Chemist: 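What follows is a single structure, and I will ask about it in a moment.
When a residue number appears, it is its place in the shown sequence, counting from 1. Everything numeric here is computed off the predicted structure, so don't read it as measured data. All values below were derived from every heavy atom in this structure, side-chain atoms included, with hydrogens, water molecules and symmetry-related copies excluded.
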Amino acid sequence: MKRTAHPELIFLFAVALLVGGCTLFSGDENATDTTTTTTAPDPEDSPAETLPQTDPGPVPEPGPGELFELLGPEDRIVVQTAEQNLSILTFAGEVLAATTNDAAQPVFSPDGRRLAWTTFNPASTSGAIVFGSVAEDGSVTIDAEVPAPVVSYYSVWAPDGSGRLAILGNAPGGTGLAVVDEGGSTPVVEADIPYYFSWRPEADGVVAHAGNRLRSFDLLTGVGTDVQFVAPTFRAPALLADGSAVFVVANNVDPAGGDGAVLRLDAELDGAFNPDLARRIVDFNGRATLVLSPDGKKLSILVEGSGVVAQVNNTAGGGGHFQDRGTLGRGLHILNLETEEISTLRTEAIRAAFWAPNSEMIASVNFDSLGDGRAYSSWTVSSSDGEEISRTPRFVLSTQFEGAYLPFYDQYAQALTIWSPDSSRLVFPGSSVGRDEGIWLHRLPDGRSEAATFKIAEGSVAFWSPVRERRDDD
């Protein structure tokens, strides 16, 4: 195997192998069967077990047709099983993809029309990226399987619609970055320990946390420029969609501040980031991760690893809890990028937080122990101004989601979503208090019905597809 040099992300792929029973292997490499099967829900076999929002007790018997009731014609959910197979959930049923126990890390393209995933061949310790097209009925046609210079444990589509994927995997020198499309792949273009990145909006390069610095790397010239030192506990930079600014975390140089600081670096006219233009937005105690909202107007700041309670000022009129210019403590905070006001949503230990597509809500997950030795978690959906909207029952999240995705959620949030495109539902894998394992859909209250949680499939990982735009040739 290639020299392992990025312990956090190496663990990510190792977990994927272990969870799959070490079955993340290529099947018959000469196989060409891409036949799909569609199974409609029925009363005997329907993935429709329902959990009340607050009662983690017995699960009612399944009922027929739940997928038809819970999903719309445009909805697509990709499910990965513990055996490393993939399927697509649609309102008409579950459509299996021809993956023959060798698929991991599925990721939809931004328009929802393509699906890519990673395969691994243990005989040659090599990997490949498979590109597939997703039809209206949810069936997946495999278009190409492209050998890659690394076994990818993170893939994200380029934002320009070019069909390219930037991938990360183990490489000499640390975590290696490469680019793959249906025509082939580049060699590893850059490697470091650690390596996290965001595509530049023109898709001509990336802005990366490489080692102990922020680095702008041009894929066309192969030239990288170091910009700013960052904190070693920091992960992925948050880059505005127009490339005008990037947010990072640095060790605090102010002795009066907290352990670290969130910095904003604005770009100059030529697009380069000038460290002399860096502005300290807020200090914090502990370690922090950053995720930009889909509309680019808000930044979530999740502070972990410190018992310090955030300094919260309650504003008149209710909803908002605005942070003063002091130090952020443990919890989930929202920075309004237009006003630079900071609101504190939650002050307990939060494990991860994912923005809804409408940028008005955020789903956060935290440990929620019953004291029986099982690592229960629950999801809380809050509005961006602090109102709690809904909360799921307790679950033990799947081993693969727990070990391979949550620890790096800020990087994965750029490529994947647990949210439905209309921001009304979310999916997650786990085991209920009653030890029923599978993929669960949580429906938010909508004025007509209360929040509820449903089991919709068997599986260990699930992510939602973006909205598909209809076209005449579909």
Side-chain angles (χ1 to χ4, degrees), residues 5-12 154 168 173-175 177 190-198 206-217 224-240 245-267 273-292 298-311 323 325-335 337 340 342 344 347 349-353 406-414:
H6 188 332
E8 291 180 341
L9 288 179
I10 292 164
F11 173 74
L12 183 160
Y154 174 69
L168 293 178
T175 295
L177 171 71
E190 185 160 69
D192 214 319
I193 310 170
Y195 200 95
Y196 302 92
F197 72 94
S198 301
V206 301
V207 176
H209 166 199
N212 64 349
R213 63 211 186 279
L214 182 72
R215 185 168 170 80
S216 183
F217 188 82
T225 304
D226 292 341
V227 179
Q228 172 79 43
F229 288 111
V230 297
T233 56
F234 174 59
R235 292 194 294 261
L239 180 65
L240 294 187
V246 63
F247 293 83
V248 299
V249 167
N251 290 324
N252 206 339
V253 297
D254 183 354
D259 302 330
V262 176
L263 304 183
R264 172 175 177 146
L265 285 80
D266 290 297
F273 296 106
N274 185 342
D276 294 334
L277 299 179
R279 291 192 296 118
R280 195 170 100 223
I281 300 299
V282 70
D283 300 336
F284 61 87
N285 279 312
R287 48 190 296 175
T289 49
L290 313 174
V291 177
L292 193 68
K298 307 179 190 74
L299 185 73
S300 68
I301 305 173
L302 195 160
V303 180
E304 54 183 313
S306 170
V308 179
V309 177
Q311 302 173 19
Q323 177 69 36
R325 302 313 295 178
T327 302
L328 294 178
R330 182 181 63 193
L332 178 60
H333 315 276
I334 304 298
L335 169 67
L337 298 182
E340 295 197 355
I342 299 176
T344 296
T347 57
I350 304 299
R351 308 183 65 195
L406 278 193
F408 317 98
Y409 83 94
D410 49 329
Q411 179 75 95
Y412 280 104
Q414 299 185 30

Chemist: Testing the basics here: between Ile193 and Gly173, what is the closest heavy-atom pair and its distance to 0.1 Å?
Modeler: CG1-O, 3.6 Å

Chemist: Rounded at 0.5 Å granularity, tell me how far CG in Asp266 sits from CZ in Arg279.
Modeler: 6.0 Å

Chemist: Minimum heavy-atom separation for Gln414 and Tyr154, please, with both atom names.
Modeler: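 Nearest heavy atoms, Gln414 then Tyr154: CB-OH, 3.8 Å.
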
Chemist: Can you give me the closest heavy-atom contact between Val227 and Ser216, atom names plus distance?
Modeler: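 Smallest heavy-atom distance, with atoms named: CG2-N, 4.4 Å.
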
Chemist: Measuring from His333:NE2 to Thr347:OG1, what's the distance to the nearest 0.5 Å?
Modeler: 8.5 Å

Chemist: For a side chain to side chain contact (heavy atoms under 4.5 Å, CB included) check, start with the C-alpha distance between Val262 and Leu290, then their side-chain angles and the critical distance, and finish with the verdict.
Modeler: CA-CA 9 Å; Val262 176; Leu290 313 174; 4.1 Å; yes

Chemist: Once rounded to the nearest 0.5 Å, what's the spacing between atom CZ of Arg235 and atom OG1 of Thr289?
Modeler: 5.5 Å

Chemist: State whether the side chain of Asp259 and the backbone N or O of Gly286 hold a donor-acceptor pair below 3.5 Å, judged by distance alone.
Modeler: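 Side chain of Asp259 to backbone of Gly286, a donor-acceptor pair under 3.5 Å: yes, one is there.
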
Chemist: Check the pair Leu292, Leu240 against side chain to side chain contact (heavy atoms under 4.5 Å, CB included), reporting the backbone distance first and the verdict last.
Modeler: CA-CA 8 Å; Leu292 193 68; Leu240 294 187; 3.7 Å; yes

Chemist: Going from CD1 on Ile350 to OH on Tyr409, what distance comes out if it is rounded to the nearest 0.5 angstrom?
Modeler: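 If I round to the nearest 0.5 Å, the distance is 9.5 Å.
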
Chemist: Heavy atoms, side chains only, cut-off 4.5 Å: are Ser300 and Asp410 in contact?
Modeler: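 No, every pair of side-chain atoms sits at 4.5 Å or beyond.
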
Chemist: Tell me the closest heavy-atom pair linking Ala238 and Leu299, and the distance in Å.
Modeler: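 Shortest heavy-atom contact: CB-CD1, 3.7 Å.
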
Chemist: State, to 0.1 Å, how close Val230 and Leu214 come at their nearest heavy-atom pair, and which atoms those are.
Modeler: CG1-N, 3.9 Å

Chemist: Ignoring hydrogens and angles, tell me if any N or O in the side chain of Tyr195 forms a donor-acceptor pair with the backbone of Leu177 under 3.5 Å.
Modeler: no

Chemist: OH of Tyr412 to CG of Leu406: how many Å apart, nearest 0.5 Å?
Modeler: 11.0 Å

Chemist: Set out, in order, the CA-CA distance, both residues' side-chain angles and the distance that settles side chain to side chain contact (heavy atoms under 4.5 Å, CB included) for Phe229 and Asn251, then state yes or no.
Modeler: CA-CA 8 Å; Phe229 288 111; Asn251 290 324; over 6 Å; no

Chemist: Using modelled atom types and a 3.5 Å cut-off, is there a donor and acceptor pairing between side-chain atoms of Glu304 and backbone atoms of Ala349?
Modeler: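 Flag not set: sc Glu304 to bb Ala349 has no pair under 3.5 Å.
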
Chemist: For the residue pair Phe247 and Ile301, establish whether any side-chain heavy-atom pair is separated by less than 4.5 Å.
Modeler: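 No, every pair of side-chain atoms sits at 4.5 Å or beyond.
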
Chemist: Where do Thr233 and Arg287 come nearest, in terms of heavy atoms and distance?
Modeler: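 Shortest heavy-atom contact: O-NH2, 3.6 Å.
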
Chemist: Over 60° means perpendicular and under 30° means parallel, so tell me whether Phe234 and His209 are parallel, tilted or perpendicular.
Modeler: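 Ring orientation, 0 to 90° scale: parallel.
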
Chemist: Rounded at 0.5 Å granularity, tell me how far CZ in Arg264 sits from CD in Glu340.
Modeler: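 So the gap between those two atoms works out to 6.5 Å.
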
Chemist: Do you know which of Val248, Leu265, Leu239 makes side chain to side chain contact (heavy atoms under 4.5 Å, CB included) with Val207?
Modeler: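 When Val248, Leu265, Leu239 are each tested with Val207, the side chain to side chain contact (heavy atoms under 4.5 Å, CB included) holds only for Leu239.
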
Chemist: Any donor-acceptor pair under 3.5 Å linking the side chain of Asp283 with the backbone of Thr327?
Modeler: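 No: the side chain of Asp283 does not pair with the backbone of Thr327.
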
